[in-house]
Amino acid sequence: MSTIAFVGLGVMGDPMARHLAGAGHDVVGFNRTPAKAEPLVEAGGRAAESVADAVRGADVVALMLPDTPDVETVLADVLDTAAPGTLIIDFSTIRPDAAADFAARAAERGMRMIDAPVSGGQAGAENAALSIMIGGEEAAVADARPLLEVVGKTVVHVGPAGAGQTVKAANQLIVAGNIALLAEAIRFLEAHGADLPAAVEVLGGGLAGSKVLEQKAPKMLSGDFGPGFRIDLHHKDMGIVSDAARAAGVVTPVGALVAQLVAATRAAGDGGLDHSALYRTIARLGGEDVR
Ligand code: NAP
């Protein structure tokens, strides 16, 4: 059993840290807003008062933070405090080039760092059924695998440091495109007076079926756009996709359009809502008075 410092106990980090504690690991959580560490403590973990406090004495450091600058800030404290040999698992979704750079910085201090961004949403985290795409060195990935398998169901090593983030960027491109078309399809069905639950059920059994349809259609139908995965985070991810596509010299024309729809959703004040709130932007574009 490992001592795991877990930094970032938000929508995703909280259930992941609780699953690790439930599997018998000694999990020491740190969250900027301390109250969010309470569920971990109730699940048998401990709460630390700072990143350094959490990391001291840990074999493994797990990060689940919003964006690249957040990881950079927290990592600086980790590298200053953790012992050589410490394994750092970054579950956050960040820039692939930054992930490779951070792994190199960790190696300079004698530590090992892998990027292990996840997909599967809040439900995947709650149910320990995440898909985890890993970038990093073979030996570090092998050491991390038993922990990753506590929180994930599909755990795949996809290449060297940064490669996990590249795959995650592709994931976010596919998910955003799917949500945008699902929103259009539901607006279309509504305009035709279709029986929406029946339509969603039968669509789910055919080629149009997907996890996006399963998880996001109910939110669009109910109008409950509580996060989930915030539009602000998907906006960040579409920026990662467009920068990485430009760096590779590939074009993502549909992705560029969807990135604008995500940006418009944010500009309309919906950045704190779930990414299924793309529906609200499609409705607005169609002349609806969406509040
Ligand atoms: P979240 O609920 O906002 O949680 C992020 C946590 O990080 C919060 O607890 C926050 O603390 C903390 N934090 C933010 N900036 C920090 C900083 N500079 N220093 C220290 N702590 C900081 O976000 P999330 O939904 O869990 O997402 C986390 C990551 O997972 C993101 O990269 C996201 O893209 C990715 N992801 C999310 C989902 C999803 O469905 N939500 C799915 C797959 C991947 P406070 O409590 O003080 O704000």
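What you see below is based on every heavy atom in this structure, not just the backbone, and it leaves out hydrogens, waters and symmetry mates. Order of listing sets the numbers, starting from 1, for every ligand and every atom in it.
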Check this for me - ligand 1, P66, N or O atoms closer than 3.5 angstrom, yes or no?
yes
Is a side-chain N or O of T33 found less than 3.5 angstrom from the main chain of K36, in a donor-acceptor match?
no
Counting both backbone and side chain atoms, is some N or O of T93 under 3.5 Å from an N or O of ligand 1?
yes
Would you please classify the geometry between the H234 ring and the F229 ring as parallel, tilted or perpendicular, with 30° and 60° separating the classes?
perpendicular
Pairing residues for K168 by the salt bridge (Lys or Arg N to Asp or Glu O under 4.0 Å) criterion, not counting sequence neighbours
none
Hey, are D289 and R284 close enough for a salt bridge, meaning a charged N less than 4.0 Å from a carboxylate O?
no
Taking H157 for its side chain and G164 for its backbone only, find out whether a donor-acceptor pair lies under 3.5 Å.
no
Short N-O contact, D274 and R230, less than 4.0 angstrom
no
Looking only at protein heavy atoms, what sits closest to atom 1 (P) of ligand 1 is R230 NH2, 3.8 Å
What distance separates T281 OG1 from D270 CG, expressed to the nearest 0.5 Å?
6.0 Å
Please state which protein non-hydrogen atom is closest to atom 4 (O) of ligand 1 and give its distance, to 0.1 Å?
G10 CA, 3.3 Å
Quick one: does V11 get an N or O within less than 3.5 Å of an N or O on ligand 1?
yes
Atom 27 (O) of ligand 1 [closest protein heavy-atom partner, distance rounded to 0.1 Å]:
L233 CD1, 3.8 Å
Salt-bridge test for R187 and E288: reply yes if a basic N is under 4.0 Å from a carboxylate O, no otherwise.
yes
Is it true that a side-chain atom of S242 and a backbone atom of M238 form a donor plus acceptor pair closer than 3.5 Å?
yes
Using modelled atom types and a 3.5 Å cut-off, is there a donor and acceptor pairing between side-chain atoms of R266 and backbone atoms of D232?
no
Options E72, K36, M64, ranked by nearest heavy atom to atom 6 (C) of ligand 1, top entry
M64
Tell me which protein heavy atom sits closest to atom 41 (N) of ligand 1, plus the residue, atom name and distance to 0.1 Å.
G228 O, 3.3 Å
Please indicate whether any nitrogen or oxygen in N31 is less than 3.5 Å from any nitrogen or oxygen in ligand 1.
yes
Test item, H234 contacting ligand 1 (heavy atom, 4.0 angstrom):
no
Considering only heavy atoms, does T33 approach ligand 1 within less than 4.0 Å through its side chain, its backbone, both, or neither?
both
With heavy atoms under 4.0 Å as the rule, classify the contact between K168 and ligand 1 as side chain, backbone, both or neither.
side chain
Closest approach of any protein heavy atom to atom 18 (N) of ligand 1, naming residue and atom
D70 OD1, 3.2 Å
I'd like to check whether D67 has a polar contact with ligand 1, where a contact means an N/O of the residue lying under 3.5 Å from an N/O of the ligand.
no
Name all pairs fulfilling the side-chain hydrogen bond (donor to acceptor under 3.5 Å, both in side chains) condition that reach into residues 62-79, sequence neighbours left out, sorted by first residue then second.
E72-R105
Where is the nearest protein heavy atom to atom 38 (C) of ligand 1: which residue, which atom, and how far?
F229 CD1, 3.2 Å
Please state which part of V74 comes within less than 4.0 Å of ligand 1, counting heavy atoms only: side chain, backbone, both or neither.
side chain
Would you call R145 and E149 a salt bridge, using N to O less than 4.0 angstrom?
yes
Is the closest N or O pair between M12 and ligand 1 shorter than 3.5 Å?
yes
Using a strict 4.0 Å cut-off to heavy atoms of V118, name the atoms of ligand 1 that fall inside it.
43 (C), 44 (C)
Residue-ligand contact L65/ligand 1, heavy atom below 4.0 Å
yes
Can you report which non-hydrogen protein atom sits closest to atom 15 (N) of ligand 1, along with the distance?
R32 NH1, 3.3 Å
